[in-house]
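The structure appears right after this line, and notes come after that.
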Amino acid sequence: MSQSNSIVKPLYSDAGSGIIFNFAGDVMIGSETLPKGVIMLPVKKKAENIILFSGTKLAGIRFHPAIGYGVLGHHYDKPTLLLPEQDKRYNLYQIYSELKDSDRQIEALYLWAETNLDLTNAIPNPLEKALECIKKDGAIGQLSESIELSQRQIERLFKLWLGMAPKHYQRILRIKKTISFLRLHKNVSLADTAQQFGFSDQAHMTREFRTIACITPAKIRLPIHLYLKN
């Protein structure tokens, strides 16, 4: 609230979705300006910047991959304002009002989630197993052996619940892990990093970073204000 200039932060792809409660000020994600109210977010397949202008006040919820569709039953193709008349099931505008003037937002969000969201068996067991297998670097071609579904059935599960193919989800996880590693190890060789995380070579890693993280691996190691400027 005390910042006189806007703040820009990168939002890296995580294959998840979420909800933003926008109370005051101006907020942009990519080229989309968010109105005041409850904003339903799409599954994030590639990085975008969020711009917070002076006076911004917001809160939010981030769902793990597939969980957003599991509890809300809908995908959004861009940040979308939920109209009050559409809020018949989850009381999102009730929690919006509570959060707006609360100094205990996290506690209020947990209480709302416990009351309004059914997180038991939120996603099908085969999909949960597939997500865990990919997280542990399991080969996409061997998923059908692990969860006893055909490759076509697995593709359909991912398309319905995540809005993407298993291969793209694997690419997102690989980039996410590599970003975390490069942030912690500023002087590591990029060629060695590419090999460590399963890229065919450094050039392949750079192409994947440009596609999904919208940045190069070298810039990840710079302070945020420098690579956003560049």
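Residue indices begin at 1 and follow the sequence shown. The figures that follow rest on heavy atoms only: side chains count, while hydrogens, waters and symmetry mates do not. Just so you know, these numbers come straight off a predicted model, no measurement behind them.
Taking CZ of F209 as the reference point, atom CD1 of I179 lies at 5.0 Å (rounded to 0.5 Å). The CZ atom of F199 lies 5.5 Å from the CZ atom of R174; values are rounded to the nearest 0.5 Å. Between I172 atom CD1 and T211 atom OG1 the span is 11.5 Å, to the nearest 0.5 Å. Distance check: R210 CZ to K219 NZ gives 7.5 Å after rounding to the nearest 0.5 Å. Annotation: the span from W112 atom CH2 to L99 atom CG amounts to 9.5 Å, rounded to 0.5 Å. Rounding to the nearest 0.5 Å places CE of M205 at 10.5 Å from CD of Q196.
A donor-acceptor pair under 3.5 Å links the side-chain atoms of S13 to the main chain of K45, judged by distance alone. Checking side-chain atoms of Q153 against main-chain N and O of S150 turns up a donor-acceptor pair under 3.5 Å. Using modelled atom types, one side-chain atom of K177 and one backbone atom of K135 make a donor-acceptor pair closer than 3.5 Å. In this structure, K36 contributes its side chain and G25 its backbone to a donor-acceptor pair below 3.5 Å. At least one donor-acceptor pair closer than 3.5 Å links the side chain of H204 to the backbone N or O of S200. Y93 contributes a side-chain N or O that, together with a main-chain N or O of L82, makes up a donor-acceptor pair within less than 3.5 Å. Remark: side-chain polar atoms of N22 are paired, donor with acceptor, to backbone N or O of P35 under 3.5 angstrom. Looking at R62, its side chain does come within 3.5 Å of a backbone N or O of G16 through a donor-acceptor pair. In terms of modelled atom types and a separation under 3.5 Å, the side chain of E48 and the main chain of L11 share no donor-acceptor contact. Judged by distance alone, the side chain of S6 and the main-chain N or O of L52 form no donor-acceptor pair under 3.5 Å.
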Exercise for the section: Please lay out, stage by stage, how I175 and Y12 fare under the test side-chain contact (heavy atoms from CB on, under 4.5 Å). Expected result: CA-CA 9 Å; I175 292 294; Y12 293 116; over 6 Å; no
Practice task
Take K136 and E132, measure what salt bridge (charged side-chain N to carboxylate O under 4.0 Å, His left out) needs, and give me the verdict at the end.
Solution key: CA-CA 6 Å; K136 294 179 178 177; E132 187 63 25; 3.8 Å; yes
Practice task
Decide yes or no on side-chain contact (heavy atoms from CB on, under 4.5 Å) for I154 and S144, but give the supporting numbers first.
Solution key: CA-CA 7 Å; I154 294 169; S144 58; 4.2 Å; yes
Practice task
Before giving the answer on side-chain contact (heavy atoms from CB on, under 4.5 Å), spell out for I20 and I29 the whole-Å C-alpha distance, their side-chain angles and the decisive distance to 0.1 Å.
Solution key: CA-CA 11 Å; I20 284 180; I29 295 180; 3.9 Å; yes
Problem - Audit row: V38, I95, side-chain contact (heavy atoms from CB on, under 4.5 Å) steps and yes/no - result: CA-CA 10 Å; V38 179; I95 187 62; over 6 Å; no
Practice task
I would like to know whether R171 and E208 meet salt bridge (charged side-chain N to carboxylate O under 4.0 Å, His left out); could you show each step before the answer?
Solution key: CA-CA 8 Å; R171 292 167 67 197; E208 287 289 272; 2.8 Å; yes
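Across all non-hydrogen atoms, the minimal contact from I140 to P166 is CD1-O, 3.7 Å. Closest non-hydrogen pair, A66 versus L162, comes out as CB-CD1, 3.6 Å. When all heavy atoms are compared, the tightest approach of K186 to I220 is NZ-O, 4.4 Å. Scanning both residues, E107 and R104, for their nearest heavy atoms gives OE1-NH2, 2.6 Å. Between H185 and V188, the shortest heavy-atom contact is O-CG1, 3.3 Å. Residues I123 and L127 share a closest heavy-atom pair of CB-CD2, 4.3 Å.
Between F63 and Y69, the ring centre distance reaches or exceeds 6.0 Å.
Under the side chain to side chain donor-acceptor pair (under 3.5 Å) criterion, K100 pairs with no residue at all, not counting sequence neighbours. Listed by chain and residue number, nothing satisfies the side chain to side chain donor-acceptor pair (under 3.5 Å) test with D192 (two or more places apart in sequence, or in another chain).
Annotation for D201: atom CG counts as buried by contact number, over 12 foreign heavy atoms lying within 6.0 Å. Residue-environment remark: NE2 (H64) stays at or below the threshold of 12 foreign heavy atoms within 6.0 Å.
Among residues at least two apart or in separate chains, side chain to side chain donor-acceptor pair (under 3.5 Å) pairs with a member in residues 74-92 are N91-N116.
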